[in-house]
Amino acid sequence: MPDLNSPAGRTTSLTGARALVAALRLHGVDTVFGIPGTHNLAIYQELDLAGIRCVTPRHEQGAGYAADGYARVTGRPGVIVTTTGPAAVNAAAALGQAYSDSSPLLLISPGVPTDHPRQGRGYLHESKDQSGAIDALCAWSHRVSSVREIPAGVARAFGQFAEGRPRPVHVEIPADLLDREGEARLAPPYRLMPRTPDPEALDEAARLLRTARRPGLVLGGGAQRPGAREQPVGRLAMRIAECVGARVVTTVNGKGVVPESHPLALGATLHLEGVRRWLASCDVVLAVGTELGPADLWEDDYVLPGTLIRVDVDPGQMYGDHVADVAVVSDAGLAMEGLHGRIEQAGAVPRPRQEPWRGHIPEMDELTARWAGHIAALRRALPQDTILVGDNSMMVYHGALVALPMDPPGRFLFPTGYGTLGFALPAGIGAKIGMPDRPVVVLAGDGALQFSVQELATAVELRLSLPIVVSANGGFGEIRDEMKNRGMTPVAVDLHAPDFVALAVAYGARGRAVGSPDDLHEALTEALGAPVPTVIVITE
Ligand SMILES: Cc1ncc(C[n+]2csc(CCOP(=O)(O)OP(=O)(O)O)c2C)c(N)n1
Ligand SMILES: [Mg+2]
């Protein structure tokens, strides 16, 4: 095979599949998540020749979430390779999730051949408009029309990840192009300098924060630095908070950016009414890298009466639901550095500290009481640098999200905006592949786990040390409660579940049922040291 390390930018005659894989390698891709099929054999052949690691989850949905978990913890784009039609669409929910959570995913799929009329001719895996269907869910989806366009498509994808919010994209390659020779120019990756803040906007923001009576900070996923032991934005945010006497709350995707054990930190609790009330009472709010979206606020029409300073790399955020009074369109780190410098230079502001938060938010105890014992056991058992990967289950958003304070470098991966189920196990697998030296723990309900339980096979095959904590409550507990709350008789929510311990063992994993928090603590400690995944079932 030709030397794929040859200088970028040279025009060479390559097959489409080879051009694709050469472009991926040029952009530093060494791992892909996907499933082979009739139409992508040429891609797999080239991936293998190029020494790129091919991880095979058992469903393309799992490949998508695994790529997402990998991307969130490493900051490197997660690459998914599927075959045509149903395979590509199976991965689409993961793109939707990554779109709402700003995760850089590249889905590569073959499509019907270039000369195919796409009018229902019975071609294998045929769709009327595969890239059109996926386009509706991600930043963009593009069907290339020549070999030459393949490396350009990959380069464009990586460009998209580096500018603004990193959001998922799809490149469809007509199946016939994969084996066809064509002239291709391997586009070198380009480096973008971080967007710098407007100094005047920073002056104004610093003045507002220093003179505020009751300042508040909100940090979102845009404040995270993947893989970082040090979270510079979080550190600067806490220094600013201490200077001006502000409390700091994070969104779900921002959890772990600041030390949640700090007296000024409120954790990831925007969904609690007491916290929303406090934020609405702030006269100045600094929001960094967040949509301030309803999926975090659990309220559609939330109003922030105070003066709003927004820091975001995406100019579109300035005019979202909450319009910025002071707009700082910038890299979060540079903006916070500038802001901190200005505030510190002016000296600390003498003012009474805002009250400590714990015990002042009544509904926190109510909603988390059920999980408090088990979450405390998790907290005791888990090292500080644990990556928790949660699913859309009550134990996660009523339990760990609120009651398990995280200090950096802890990370919390959760499918927030799009709110999918089946995320945690495959995303946990991807996170463990991306960060093999960090403890990764999966938390899922019995409902959520069954959306992707077959990925246990993937985790066993890869011999991942991965505790998977399952809360078993006989089905869709949240939906059961919502039905009761609207006065209806619960329907379609009480579900048969397998014996998860036996299922784990059948897959080649370890399995254990626990009752008390002490049992959970012991099981987790053991599982963290085990060379294979362990399913730990909490029975209620
Ligand atoms: C893909 C998808 N399908 C359906 C839903 C709707 N939904 C939200 S929570 C939930 C129940 C989840 O059950 P489980 O994981 O067992 O958690 P529990 O509520 O029992 O704690 C369902 C069905 C969803 N969020 N995503
Ligand atoms: Mg359940």
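Read the numbers this way: they start at 1 and go in the same order the structure lists the ligands and their atoms. Note that these values count all heavy atoms, side chains included, but never hydrogens, waters or copies made by symmetry.
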Exercise. Quick one: do Arg165 and Asp101 satisfy salt bridge (Lys or Arg N to Asp or Glu O under 4.0 Å)? Show the steps, please.
Key: CA-CA 9 Å; Arg165 297 172 78 180; Asp101 286 349; over 6 Å; no

Please state whether [X] comes within less than 4.0 angstrom of ligand 1, counting heavy atoms only.
X	result
Ala444	no
Asp446	yes
Gly419	yes

Quiz item: Which of the atoms of ligand 1 are close to Glu478, meaning less than 4.0 Å from one of its heavy atoms?
Solution: 18 (P), 19 (O)

Quiz item: Going by the atom numbers of ligand 1, which of them fall below 4.0 Å from some non-hydrogen atom of Gly447?
Solution: 13 (O), 14 (P), 15 (O), 16 (O)

Is there a polar contact, in the sense of an N or O pair closer than 3.5 Å, between [X] and ligand 1?
X	result
Phe476	no
Ser393	yes
Ala448	yes
Phe451	no
Asn392	no
Thr420	no

Closest non-hydrogen protein atom to [atom], residue and atom name please, with distance?
atom	answer
atom 18 (P) of ligand 1	Gly477 N, 3.6 Å
atom 8 (C) of ligand 1	Ile479 CD1, 3.8 Å
atom 4 (C) of ligand 1	Leu421 CD1, 3.9 Å
atom 21 (O) of ligand 1	Met394 N, 3.0 Å

Give a yes/no answer: is there an N/O/S atom of [X] under 2.8 Å from the Mg ion (ligand 2)?
X	value
Gly475	yes
Glu478	no
Ser393	no

Quiz item: Is any side-chain N of the basic residue among Asp30 and Arg76 closer than 4.0 Å to the acidic one's carboxylate O?
Solution: yes

Quiz prompt | Val171 side chain near Leu107 side chain, heavy-atom distance below 4.5 Å | solution = no

Quiz item: Are Tyr99 and Tyr418 an aromatic pair by the rule of ring centers under 6.0 Å?
Solution: no

Exercise. Please work out whether the ring planes of His142 and Trp140 are parallel, tilted or perpendicular, with thresholds of 30° and 60°.
Key: perpendicular

Quiz item: Relative to each other, are the rings of Phe451 and Phe476 parallel, tilted or perpendicular (30° and 60° limits)?
Solution: tilted

Self-check item: Row check, Trp298 ring normal vs Arg276 NZ/CZ: under 6.0 Å, within 45°
Solution: no

Quiz prompt | Closest contact, heavy atoms only, Arg510 versus Ala530 | solution = NH1-CB, 3.7 Å

Quiz prompt | Worked check of side chain to side chain donor-acceptor pair (under 3.5 Å) between Thr84 and Tyr123 | solution = CA-CA 11 Å; Thr84 19; Tyr123 184 80; over 6 Å; no

